[in-house]
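Data block below; observations after.
Side chains included, hydrogens not; waters and symmetry mates left out as well; all remaining heavy atoms used.
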Amino acid sequence: HRAGKPKEAMALAESQQDASQAKEEDEVSTEQRYRSAVSKHNFATIADAFGQRDKAIKLYREAIALAPHFEQAHNDLGTVLHEQGKLDEALACYRKTIELKPKHAKAWLNMGLILKQRENYQEALAALRKGHEIGSEDPKWKHPSGDWVTECEELLRKQLAGESTAEPASGSASGGK
């Protein structure tokens, strides 16, 4: 009866070793995927800088497929889509960025700018305030987010008072993404 015990113990030890090896290989594979995602993100940023928006979008999407939790790739994809006027897709990217990194100031601001452009001033104001609050903690912050909050407050006031809220279209907080 005892003769079977060492075999069982050996089989258990081997299966645990196999599981440990598989976990190590998966961690290496995850690290490799992340590094590949960073490379694709870098190439996408270069493509975007040279005006190759479609190529940038493709590369950002490939980076996200490799590393779905890579929040900067989501934000930067959103920025390119935003600049192309693909606002629903851009909003989805900014929301995903915020889901992954709630203190991503530029994603909050970009989301707020789209909502403002759509005249959804209440939600826009909340997003712009959040982005301004987070961003202005950074001494290198260079976006006029305080002005955007003030503009949106005025637009919301006018909207609630039934006044005209016509305004020029806004860009994005992409500078340096």
Side-chain angles (χ1 to χ4, degrees), residues 26-27 29-153 155-156 167-177:
D26 188 47
E27 287 172 3
S29 177
T30 299
E31 179 63 27
Q32 287 171 338
R33 282 194 312 272
Y34 182 75
R35 276 187 281 200
S36 292
V38 169
S39 291
K40 288 193 181 283
H41 175 269
N42 291 341
F43 284 123
T45 302
I46 292 166
D48 184 30
F50 282 96
Q52 298 176 3
R53 303 282 193 267
D54 291 338
K55 185 172 189 161
I57 289 169
K58 178 182 178 287
L59 289 165
Y60 283 134
R61 286 190 169 137
E62 289 174 8
I64 291 166
L66 287 166
H69 293 5
F70 187 6
E71 82 279 339
Q72 194 59 44
H74 286 279
N75 185 71
D76 293 349
L77 173 59
T79 299
V80 176
L81 293 167
H82 188 169
E83 290 167 353
Q84 286 192 332
K86 297 176 181 175
L87 303 184
D88 289 333
E89 290 178 79
L91 268 175
C93 290
Y94 297 143
R95 285 189 169 115
K96 184 64 177 179
T97 303
I98 292 165
E99 176 188 320
L100 295 170
K101 185 178 178 185
K103 288 195 160 249
H104 198 292
K106 291 177 186 175
W108 281 106
L109 291 173
N110 286 330
M111 185 170 70
L113 292 172
I114 289 175
L115 293 167
K116 181 176 151 229
Q117 185 176 347
R118 291 185 163 179
E119 298 182 7
N120 184 344
Y121 301 125
Q122 193 113 21
E123 282 186 57
L125 183 57
L128 290 169
R129 281 180 174 158
K130 184 76 172 175
H132 175 67
E133 173 190 322
I134 296 166
S136 50
E137 291 174 6
D138 180 353
K140 297 177 188 166
W141 189 247
K142 62 182 181 256
H143 299 290
S145 52
D147 294 342
W148 295 337
V149 168
T150 302
E151 288 171 15
C152 196
E153 288 170 338
L155 290 166
L156 178 59
E167 63 160 340
S170 297
S172 70
S174 63
K177 294 183 188 153

Quick check for you: to the nearest 0.5 Å, what is the distance between His82 atom NE2 and Tyr94 atom OH? 5.5 Å
Which atom of Ala90 lies closest to which atom of Ile114, heavy atoms considered: CB-CD1, 3.7 Å
Residue pairs fulfilling salt bridge (Lys or Arg N to Asp or Glu O under 4.0 Å) with at least one residue in residues 131-140, sequence neighbours excluded: none
What heavy-atom pair brings Thr79 and Asn110 nearest, and what distance separates the two atoms? OG1-ND2, 3.8 Å
Would you call Glu99 and Lys96 a side-chain contact if the rule is heavy atoms closer than 4.5 Å? yes
Side chains of His74 and Thr97: is there a donor and an acceptor less than 3.5 Å apart? no
Which residues pass the side-chain hydrogen bond (donor to acceptor under 3.5 Å, both in side chains) test with Lys101, sequence neighbours left out? none
Straight-line distance of Lys116 NZ to Gln122 CD, nearest 0.5 Å: 15.5 Å
Spatial distance of atom CZ (Arg118) from atom CG (Leu87) [nearest 0.5 Å]: 5.0 Å
Gly78 and Cys93 have their tightest heavy-atom pair at CA-CB, 3.5 Å
Are there more than 12 heavy atoms of other residues, nucleotides or ligands under 6.0 Å from atom CD of Gln84? yes
Any donor and acceptor pair, going by atom type alone, linking the side chain of Trp108 with main-chain N or O of Ala126 inside 3.5 Å? no
Inter-residue atom distance Leu109.CG - His143.NE2, 0.5 Å rounding: 7.0 Å
Any side-chain donor paired with an acceptor under 3.5 Å for Arg33 and Thr30? yes
Applying side chain to side chain contact (heavy atoms under 4.5 Å, CB included) to Glu123 and not counting sequence neighbours gives Arg95, Leu115, Asn120
Which heavy atom in Met111 sits nearest to a heavy atom in Leu91, and how many Å separate them? CG-CD2, 3.4 Å
Partner residues of His41 under the side chain to side chain contact (heavy atoms under 4.5 Å, CB included) criterion, sequence neighbours left out: Thr45, Tyr60, Ala63, Phe70, Gln72, Ala73, Asp76
Using the test side chain to side chain contact (heavy atoms under 4.5 Å, CB included), find all partners of Pro68 that sit at least two apart in sequence or belong to another chain. none
Do you know the tightest heavy-atom contact between Ile134 and Pro102? CD1-O, 3.7 Å
Tell me the closest heavy-atom pair linking Gly131 and Trp141, and the distance in Å. O-CZ2, 4.3 Å
Applied to residues 51-73, the salt bridge (Lys or Arg N to Asp or Glu O under 4.0 Å) test, sequence neighbours excluded, yields Lys40-Glu62, Asp48-Arg53, Arg53-Glu83, Lys58-Glu62, Arg61-Glu89
